[in-house]
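See structure below.
Numbering of ligands and ligand atoms starts at 1, following listing order. Given the structure is predicted, the values throughout are model-derived calculations rather than measurements.
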Amino acid sequence: MNLNWEIANAVFPSVTRKLTDLEQLYPKRKLPVNAMVTRFAPSPTGFLHMGSLFASLCSWRYAKQSKGVFFCRLEDTDTKREITGSGNQVLQELAIYGIIPDEDFVLGGAYGPYVQSERKPIYDVVIKAMLLDDLAYPCFCTHEDLSAMRAKQESLKVNPGYYGEYATCRFLPKETVLAKLKNGDPFVIRFKSNGNQTHKIMITDLIRGSFEMTENDQDIVIMKSDGLPTYHFAHLVDDHFMRTTIITRGEEWMASLPIHLQLFDAMGWDRPQYAHLPVIMKIDEGTRRKLSKRKDPEAAVSYFLEAGYPIEGFLEYLMTIANTNFEAWRIENPQANIFDFQLSFAKMTLDGALFDLEKVKSISKDRLAFMSADEITNKALAWANIYEPQFALAIASDVDYFKAIISIERGGEKPRKDYAKYSDIFPIIDFMYDQYYDQYMSGELPFNESLSKDILIKVLNTYKANPSLDLQESEWFEKLKVLASICGFSPSVKEYKKNKEAFYGHIGDFAEIIRIAVSGRKNTPNFYYILKILGTERINKRINKTIALLEE
Ligand code: GLU
């Protein structure tokens, strides 16, 4: 009897399906000619990393632009590194950014299962076929054997690894292999490489172009002793039978490409195309380095969600690092949907993309400034409900009141850009709510110390009697100048500067007194609108309260 057959059956006694069965079960996808099938393949090892959001955004856009398919597969075969539940968290965070796979490990789909640990029956069929075809073999080397081999290679100053003459199990007589298997000796399965270190192969990467790399000569492990596949082998099987056409993945996988191409070729399967995406870098004390999960809080996408950066601002930022021509397009199309922009591999940044928080802020400010009052209200409330309950309560206590506040200097071509993130809003406007106003008033009030209590009270009483909020802003301001004059303040800053002795201060100083009384603070958004929204009743109450405090 054929010994390969016996070996294959000794390893997989109950596997009866063949490669042709899998080909039938997972046929080529029926899609338009240039449609791309892309995927995001996270390992469930923790939070969604910014680099992963970037990679999945690109992959998703390429699929959508070409009317293809984007799916998400969970790579959970490294059981030691697994953090329970993190796979689902990753899907949820992607969904927050609008990245919804067509098929994934929750939704399912025709090419599943989408969790590697559930795909063992598929891997087994392929490995059994490889054993039968002499493309793979069991290896019984122990850790000690491998250490001894490494030591020998070091002393001989030859390349390390399991290859050529060092691939000892490759040369075991088949009878011995069979006997060891029957004896229950622990083993892994290795791929039988026909490569040679002196050969170069031509690599084509959609982003980096064509270049040479050294052929792989290592008999890499494809199935570990726990029966689960290694990354290399799972990539081969999954992306073949899930019919991925373009592998978009981090550039750290570039070095393994000769192995992957060799595996596809050995199986006689079409090679997918590859696009190795740039890694996201940061400048740390003057040097560029990879954004690190451990050192950089901003490496986690949740950092930006918690801080309340608007989703659309963050996505737009990622588009600027994806394609070098995105920003020029944005200038031409300031209000267009960012996904009207067609991402291209040719315009991808080649060097590690540099993360720039200031730019995230400035893009986010733009996006928040151009939202309608309704939109920003809904989004701020949704954010606050999760991350800042007291802000959510304030908004929900009177949604129209909040909308009026957030509408100040909104709309038109040049809206004010006060907020980069939802968490910036409340600290700027909280005084509009009595409870928070009262907190400001319980502290030291920031009145100019050179003004006497009597002058302050006079100013406040004068304004209280003449709020003039039925006037337009410019007329109201003229009226304010008149009131300032009556109280001994110069209506003109210029005049005041010429003759400081003649006045208590200028119009700005005058307005500041009223501002402090109604807000507890020196700075507020546009004061006229603040007053109008507060309304005379609330203004009077606040002024009375301030006067009472001054008189204490
Ligand atoms: N699970 C691998 C990782 O998280 C995926 C690499 C790939 O996309 O092929 O790095």
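- Of the protein's non-hydrogen atoms, the one nearest atom 6 (C) of ligand 1 is W253 NE1, 3.3 Å.
- With F140 as the aromatic partner, K180 meets the cation-pi criteria of under 6.0 angstrom to the ring centre and within 45 degrees of the ring axis.
- Residue, atom and distance of the protein heavy atom nearest to atom 7 (C) of ligand 1 are Y231 OH, 3.3 Å.
- For the pair R29 and Y111, the cation-pi criterion (under 6.0 Å, within 45° of the ring axis) is fulfilled.
- No cation-pi contact links R243 to Y26, judged by a cut-off of 6.0 Å to the six-membered ring centre and 45° from its axis.
- Ranking the protein heavy atoms by distance from atom 8 (O) of ligand 1 puts R39 NH1, 2.8 Å first.
- Between E75 and ligand 1, at least one N/O pair is under 3.5 Å apart.
- Looking at G51, A55, S59, A41, it is A41 that brings a heavy atom closest to atom 3 (C) of ligand 1.
- With respect to atom 4 (O) of ligand 1, the closest heavy atom belonging to the protein is S43 OG, 3.4 Å.
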- request: Take N183 and D185 through the test side-chain hydrogen bond (donor to acceptor under 3.5 Å, both in side chains) and record every step on the way to the result.
  value: CA-CA 6 Å; N183 191 40; D185 289 7; 2.9 Å; yes
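- Taking only nitrogen or oxygen atoms, main chain and side chain alike, R249 does not reach within less than 3.5 Å of ligand 1.
- In this structure, D296 pairs ionically with R289, as a charged nitrogen and a carboxylate oxygen lie closer than 4.0 Å.
- For the pair K293 and F47, the cation-pi test (distance below 6.0 Å, angle within 45°) is passed.
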